[in-house]
Amino acid sequence: MKKPVIGIAGLTASSDPGMFISGERVHAGSTYIRAILRNGGIPVVVPAASLAEDPEGALSGCSGLLLPGGEDMTPWYYNEEPLPVIGVFRPEIDKAWLKAMEYAVSARMPVLGICKGHQTINVALGGSLYQDMSLQEKESGHPVIQHMQKYNRSYLSHHVEVEPGTRMAAIIGAGTRETNSMHHQAIRKLGEGLKVSARACDGTIEAVEDEEGLIVGTQWHPEDLIDSAPVMNRIFADLVERAGKFRWENSAKKS
């Protein structure tokens, strides 16, 4: 049986002028690719331009969608203007990823969102974000812990509490788990149809999912933990398993 193809929403980056490979390039982090390969899937990077132009066509060969980390989410898409605390945001990338998410929901394609991808899921379903976690601290009246760790990405820097009875609990276990953390934005208002499956001790939403198990989001970066915290491999194994089921169901419909 062929392995499920997982489409990774692509980012773009430009090298310095005058370099041999100067110019804009489409890319995805190699740790995402490695995590999917290790857990039985075939990763394919899908350019944002393709997702913006024709999300259905761009994802037609895929059985699952991975929305990875990236820059800040454009606040326009949750009806806010940028505040001084926001970082770099790129409306053209966000528009493309939101279109990909919209198509995946309509097609009932399995989705995994990581960090910015987790936030993209929430915004696509009508939720909002804190443009910076200092605003969460101000609103809640409680201090937030460090969410932008200062050591390498494979380091386990804080704890999350996984809710019993959730899909995330079925994947990595309920209760306290150690994660990495590299973000300064977070979910504020939860998107429609989503429920919280993990939180940090300061109340930050660290994982979300839908009721059917088609959509899973993590604020932490499990792709960088597949060696230092092997339980995180299960998040990618789950995506691949869900993608395999999606492919089989679609094949059965066509036959």
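The first residue in the sequence is number 1, and the count goes up from there.
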Inset, instruction - Report the C-alpha distance between Lys3 and Val5 in whole Å, list the side-chain angles of each, state the deciding distance to 0.1 Å, and finish with yes or no for side-chain contact (heavy atoms from CB on, under 4.5 Å). - result: CA-CA 6 Å; Lys3 296 179 179 180; Val5 174; over 6 Å; no
Legend entry - side chain to side chain donor-acceptor pair (under 3.5 Å) against Glu137, all qualifying residues, sequence neighbours excluded: none
Legend entry - Close side-chain approach of Val44 and Ile8, heavy atoms under 4.5 Å: no
Legend entry - Atom pair CD1/CD of Ile145 and Gln149 - distance to nearest 0.5 Å: 11.0 Å
Inset, instruction - Could you check if a side-chain atom of Leu66 sits within less than 4.5 angstrom of a side-chain atom of Phe236, using non-hydrogen atoms only? - result: yes
Legend entry - The single option from Ile114, Leu156, Val160 passing side-chain contact (heavy atoms from CB on, under 4.5 Å) against Trp220: Val160
Legend entry - Contact summary for Val111 and Ala104, nearest pair of heavy atoms: CG2-CB, 3.6 Å
Inset, instruction - Check whether more than 12 heavy atoms from other residues, nucleotides or ligands sit under 6.0 Å from atom CD of Glu102, and answer yes or no. - result: no
Legend entry - Side-chain donor-acceptor pair present, Glu80, Gln131, cut-off under 3.5 Å: yes
Legend entry - Check: Glu209 side chain, Met168 main-chain N or O, donor-acceptor pair, under 3.5 Å: yes
Legend entry - Side-chain ion pair, Asp238 and Arg242, N-O less than 4.0 Å: yes
Inset, instruction - Give a yes or no answer on whether the side chain of Thr166 reaches the backbone of Ala169 with a donor-acceptor pair at less than 3.5 Å. - result: yes
Legend entry - Min side-chain heavy-atom separation Leu239-Ile6 under 4.5 Å: yes
Inset, instruction - Before accepting this row, confirm whether a basic side-chain N of the pair Lys195/Glu163 lies closer than 4.0 Å to the acidic partner's carboxylate O. - result: no
Legend entry - Charged tip of Lys95 within 45° of Trp76 ring normal and under 6.0 Å: no
Legend entry - Tyr130 side-chain N/O to Glu139 backbone N/O, donor-acceptor pair under 3.5 Å: no
Inset, instruction - Indicate yes or no: at least one non-hydrogen side-chain atom of Ile205 is less than 4.5 angstrom from one of Val208. - result: yes
Legend entry - hydrophobic_cluster_shared for Leu214 and Leu190, side chain cutoff 4.5 Å: yes
Inset, instruction - Treat each ILVMFWY residue as a node, draw an edge where side-chain heavy atoms are under 4.5 Å apart, and state whether Phe89 and Leu129 are in one component. - result: no
Inset, instruction - Output yes when Glu212 and Arg108 qualify as a salt bridge under the 4.0 Å nitrogen-oxygen rule, no when they do not. - result: yes
Inset, instruction - Enter the distance from Met73:CE to Ile187:CD1 here, rounded to the nearest 0.5 Å. - result: 10.5 Å
Inset, instruction - Could you please spell out the steps behind the side chain to side chain donor-acceptor pair (under 3.5 Å) verdict for Thr204 and Gln219? - result: CA-CA 9 Å; Thr204 300; Gln219 186 61 75; over 6 Å; no
Legend entry - Any side-chain heavy-atom pair of Glu71 and Leu11 under 4.5 Å: yes
Legend entry - Salt bridge present between Lys116 and Asp94 (N-O < 4.0 angstrom): yes
Legend entry - Cys201 side, atom SG; His142 side, atom NE2 - distance, nearest 0.5 Å: 12.0 Å
Inset, instruction - Kindly give the heavy-atom pair with the smallest separation between Leu51 and Ala9, and that separation in Å. - result: CD1-CB, 4.0 Å
Legend entry - Nearest atoms (heavy-atom pairs only) where Ala107 meets Phe246: O-CE1, 3.3 Å
Legend entry - Pairwise side-chain contact, Tyr77 with Pro91, heavy-atom cut-off 4.5 Å (strictly under): yes
Inset, instruction - For Glu53, look at atom CD and say whether over 12 heavy atoms of other residues, nucleotides or ligands are found less than 6.0 Å away. - result: no
Inset, instruction - Let me know which of Leu65, Val105, Asn122 forms a side-chain contact (heavy atoms from CB on, under 4.5 Å) with Ile215. - result: Val105
Inset, instruction - Working to the nearest 0.5 Å, report the span between CD of Glu56 and OH of Tyr103. - result: 4.5 Å
Inset, instruction - Specify the closest pair of heavy atoms between Ala28 and Ile33, including all atoms of both residues, with the distance to one decimal. - result: O-CD1, 4.5 Å
Legend entry - Whether Asp72 side chain and Gly87 backbone form a donor-acceptor pair below 3.5 Å: yes
Legend entry - Minimum side-chain heavy-atom gap Arg167-Ile171 below 4.5 Å: yes
Inset, instruction - Quick one: do Arg90 and Thr12 satisfy side chain to side chain donor-acceptor pair (under 3.5 Å)? Show the steps, please. - result: CA-CA 10 Å; Arg90 302 176 63 193; Thr12 60; 2.4 Å; yes
Legend entry - Val123-Val196 co-clustered via ILVMFWY side chain contacts under 4.5 Å: yes
Inset, instruction - Return yes if some donor-acceptor pair links the side-chain N/O of Asp224 with the main-chain N/O of Ser154 below 3.5 Å, else return no. - result: no
Legend entry - Check ion pair Asp54-Lys99 (N to O, under 4.0 angstrom): no
Legend entry - Verify same cluster id: Met133, Leu135 (apolar side-chain graph, 4.5 Å): no
Legend entry - Nearest heavy atoms of Pro43 and Leu37, plus distance in Å: CD-CD2, 3.5 Å
Inset, instruction - Look only at the side chain of Asn233 and the backbone of Pro230, and say whether a donor-acceptor pair between them is shorter than 3.5 Å. - result: yes
Inset, instruction - Could you tell me the separation between the NE2 atom of His159 and the CD atom of Glu178, rounded to the nearest 0.5 Å? - result: 4.5 Å
Legend entry - Donor + acceptor pair across side chains of Glu223, Tyr32 (<3.5 Å): yes
Legend entry - Contact check, side chains of Asp132 and Gln185, non-hydrogen atoms, under 4.5 Å: no
Legend entry - Distance in Å, Arg153 CZ paired with Ser181 OG, rounded so as to fall on 0.5 Å steps: 11.0 Å
Legend entry - Aromatic contact, His147 with His158 (centres under 6.0 Å): yes
Legend entry - Residue pair Val46 / Cys62: nearest heavy atoms and the distance that separates them: CG2-SG, 4.5 Å
